[in-house]
Engineer: 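Starting off with a structure, shown below.
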Amino acid sequence: MMTMKHVSIVLVSSLLYFSVASLAYASLPAGLMIVAFDGASWHPYIVNTGNDGWIKIEDVRDPAALTWQREKDALLIKQNDGGISSYQLETREMKQLPSFDESTVTQLRAYRQGVVMVRLMDGKSRDTSILSVKNNGNKPNEILRQVSAQFHPYIHNDQLYYAHVSCRAECRPLIQEVWSKNLLSGRTQQLTLLNATSYLYSVTADDRYGFISSNQRGYYHLARLDLASGETTWLTGGAVTDSFPSVATDGALYFIRRTPAGSRLMKLPAAAMSSGVVSEEFVENIQLPADVQKIRYLELNQS
């Protein structure tokens, strides 16, 4: 028989457990999403609020590509057969969407007013354009079409950021630089000149810095790009592959690191990035759910 003393101990223990859990989850920004392998399938795992921890979306399995539309409380998913579907998080309803056109799309990325994506002309990556679909409609709008290929579209405020392939033949490595287009004026601008394969993945709230991943130094490392001056400050180095640099509202940078030992979710605290490459002692390894064996995608949507 449990006495009042025992009940008190249990209650205190439970409160301590949930407090510790909440403190651990408090370091995860709302809007964080990864795609992770649980040993059987790939699933999205999301952080919906700052203190709920990881939520595994069991109904979504092995997506070819996806993005999280937080304004619509939905995931937009590219399936392996090329079709597009929408999954409503609250109702758990999966809805097949009509095809945009006869071409193939990939690299879906949500922004505040909708979703941007890459259209593969004739189903191939040699020639692409960039489409945008607003939240209030299903009709795509072509917002960028240039000679050659464009990848990694990302819209922040009125700017479209993208990676333009400027040299693919007789180039080692392929040359892909970061560009921007003002969606109001139509003005385009080349932001990097690294002569490497580079892409921008996130921008600070004040539009001052963008964060890129580039293989200029052999491995893919992360850098902070001053969007006004074009100055590049490298943040990571070594025999590692760092990708998907995603900046949080507090200035911390989340990213995926791949080594021969596997893939991990990492964090660079804002204070540690002030003077260039961050010492490994300040790079944080973010704890993932126990069933996660590896991760392949990351985005942070805090709109």
Engineer: What is the distance from atom OG of Ser132 to atom CG of Leu144, rounded to the nearest 0.5 Å?
Structural biologist: 11.5 Å
Engineer: Is there side-chain contact between Gln150 and Thr128, with heavy atoms separated by less than 4.5 Å?
Structural biologist: yes
Engineer: Do Arg258 and Lys294 have side-chain heavy atoms sitting under 4.5 Å apart?
Structural biologist: no
Engineer: Are the side chain of Gln190 and the backbone of Thr192 linked by a donor-acceptor contact shorter than 3.5 Å?
Structural biologist: yes
Engineer: In terms of hydrophobic clusters joined by side-chain contacts under 4.5 Å, are Phe282 and Val277 together?
Structural biologist: no
Engineer: Would you name the heavy atoms of Ser214 and Trp234 that are closest together and state the gap between them?
Structural biologist: CB-CH2, 3.8 Å
Engineer: With heavy-atom distances below 4.5 Å as the criterion, would you say the side chains of Pro153 and Val118 are in contact?
Structural biologist: yes
Engineer: Within a 6.0 Å radius of atom CD on Gln96, are there more than 12 heavy atoms belonging to other residues, nucleotides or ligands?
Structural biologist: yes
Engineer: State, to 0.1 Å, how close Glu142 and Leu131 come at their nearest heavy-atom pair, and which atoms those are.
Structural biologist: CA-CD2, 3.8 Å
Engineer: Mark yes or no for whether Ser202, through its side chain, and Pro245, through its backbone, hold a donor-acceptor pair below 3.5 Å.
Structural biologist: yes
Engineer: Say whether, by atom type as modelled, one donor and one acceptor occur between the side chain of Asn301 and the main chain of Trp68 under 3.5 angstrom.
Structural biologist: yes
Engineer: Taking Leu222's backbone N and O only, do any of them form a donor-acceptor pair with Thr236's side chain (distance below 3.5 Å, no angle check)?
Structural biologist: yes
Engineer: Has Arg109 got its NZ or CZ under 6.0 Å from the middle of the six-membered ring of Tyr201, at an angle within 45 degrees of the ring axis?
Structural biologist: yes
Engineer: Trp179 versus Leu191: any side-chain heavy-atom pair under 4.5 Å?
Structural biologist: no
Engineer: Is the side chain of Ser85 donor-acceptor paired with the backbone N or O of Met94 at a distance under 3.5 Å, no angle test?
Structural biologist: no
Engineer: Looking at residues at least two apart in the chain, or sitting in another chain, which of them share a ring-ring contact (aromatic ring centres under 6.0 Å, His included) with His152?
Structural biologist: Tyr199
Engineer: Is there a side-chain contact between Tyr161 and Leu227, using heavy atoms and a 4.5 Å cut-off?
Structural biologist: yes
Engineer: side-chain contact (heavy atoms from CB on, under 4.5 Å) for Ser243 and Tyr220? Distances and angles first, verdict last.
Structural biologist: CA-CA 7 Å; Ser243 58; Tyr220 279 91; 5.9 Å; no
Engineer: Under the side-chain contact (heavy atoms from CB on, under 4.5 Å) criterion, do Val133 and Met117 qualify, and how do the steps go?
Structural biologist: CA-CA 9 Å; Val133 181; Met117 62 195 74; 4.0 Å; yes
Engineer: Could you check whether any side-chain heavy atom of Arg264 comes within less than 4.5 Å of a side-chain heavy atom of Thr259, counting everything from C-beta outward?
Structural biologist: yes
Engineer: Under a 4.5 Å side-chain heavy-atom rule over Ile, Leu, Val, Met, Phe, Trp and Tyr, are Leu160 and Leu200 clustered together?
Structural biologist: no
Engineer: Looking at every heavy atom in both Asn135 and Gln69, which two are closest together, and how far apart are they?
Structural biologist: OD1-NE2, 3.6 Å
Engineer: Minimum heavy-atom separation for Glu284 to Pro269, with atom names?
Structural biologist: OE2-CG, 3.3 Å
Engineer: Output, in order, the C-alpha distance, side-chain angles, deciding distance and verdict of side-chain hydrogen bond (donor to acceptor under 3.5 Å, both in side chains) for Tyr45 and Asp291.
Structural biologist: CA-CA 11 Å; Tyr45 293 72; Asp291 64 344; 3.1 Å; yes
Engineer: Leu253 and Val203: same hydrophobic cluster, using ILVMFWY side-chain contacts below 4.5 Å?
Structural biologist: no
Engineer: Got a second to check how far Asp73's CG is from Thr91's OG1, nearest 0.5 Å?
Structural biologist: 8.0 Å
Engineer: Examine Tyr254 and Leu66 and state if one hydrophobic cluster contains both, with Ile, Leu, Val, Met, Phe, Trp and Tyr joined whenever side-chain heavy atoms are less than 4.5 Å apart.
Structural biologist: yes
Engineer: Does Gln88 reach the main-chain N or O of Lys72 with its side chain, forming a donor-acceptor pair under 3.5 Å?
Structural biologist: yes
Engineer: Sequence neighbours excluded, which residues qualify as ring-ring contact (aromatic ring centres under 6.0 Å, His included) partners of Phe37?
Structural biologist: Trp42
Engineer: Measuring from atom CG of Leu97 to atom CD1 of Ile77, what distance do you get when rounded to the nearest 0.5 angstrom?
Structural biologist: 9.5 Å
Engineer: Report the residues that fulfil ring-ring contact (aromatic ring centres under 6.0 Å, His included) with Tyr297, sequence neighbours left out, ordered by chain and then residue number.
Structural biologist: Phe244
Engineer: For Leu235, does its backbone N or O pair with a side-chain atom of His221 as donor and acceptor, under 3.5 Å?
Structural biologist: no
Engineer: Tell me if a side-chain donor or acceptor on Ser263 pairs with a main-chain N or O of Ile295 at a distance below 3.5 Å.
Structural biologist: yes
Engineer: In Å, rounded to the nearest 0.5 Å, how long is the span from CZ of Arg187 to OG of Ser180?
Structural biologist: 7.5 Å
Engineer: Closest approach of Leu268 and Met273, non-hydrogen atoms and distance?
Structural biologist: O-CE, 3.9 Å
Engineer: Does atom CZ of Arg92 have more than 12 heavy-atom neighbours from other groups under 6.0 Å away?
Structural biologist: no
Engineer: What is the distance from atom CD1 of Ile212 to atom OG1 of Thr232, rounded to the nearest 0.5 Å?
Structural biologist: 5.0 Å
Engineer: Please tell me whether Leu75 and Leu300 are part of a single hydrophobic cluster in this structure, the criterion being side-chain heavy atoms less than 4.5 Å apart.
Structural biologist: yes
Engineer: Run the numbers on Leu288 and Trp54 for side-chain contact (heavy atoms from CB on, under 4.5 Å), then give the verdict.
Structural biologist: CA-CA 8 Å; Leu288 296 174; Trp54 294 104; 3.8 Å; yes
Engineer: Evaluate the ring planes of Tyr162 and His164, with Trp represented by its six-membered ring, and classify them as parallel (under 30°), tilted (30 to 60°) or perpendicular (over 60°).
Structural biologist: perpendicular
Engineer: For the pair Thr197 (side chain) and Leu174 (backbone), establish whether a donor and an acceptor sit closer than 3.5 Å, ignoring hydrogens and angles.
Structural biologist: yes
Engineer: For the residue pair Lys78 and Thr104, what are the closest heavy atoms and their distance?
Structural biologist: NZ-CG2, 3.8 Å
Engineer: Given the rule in the side-chain contact (heavy atoms from CB on, under 4.5 Å) test, do Leu298 and Met33 qualify, once you have shown the distances and angles that lead to the verdict?
Structural biologist: CA-CA 6 Å; Leu298 162 68; Met33 182 181 76; over 6 Å; no
Engineer: Any chance the side chains of Gln216 and Ser198 put a donor and an acceptor closer than 3.5 Å?
Structural biologist: no
Engineer: If you count the non-hydrogen atoms of other residues, nucleotides and ligands that lie under 6.0 Å from CZ in Arg208, is the total more than 12?
Structural biologist: no
Engineer: Mark yes or no for whether Arg112, through its side chain, and Glu71, through its backbone, hold a donor-acceptor pair below 3.5 Å.
Structural biologist: no
Engineer: Any chance you could measure Gln159, atom CD, to Asn182, atom CG, to the nearest 0.5 Å?
Structural biologist: 4.5 Å
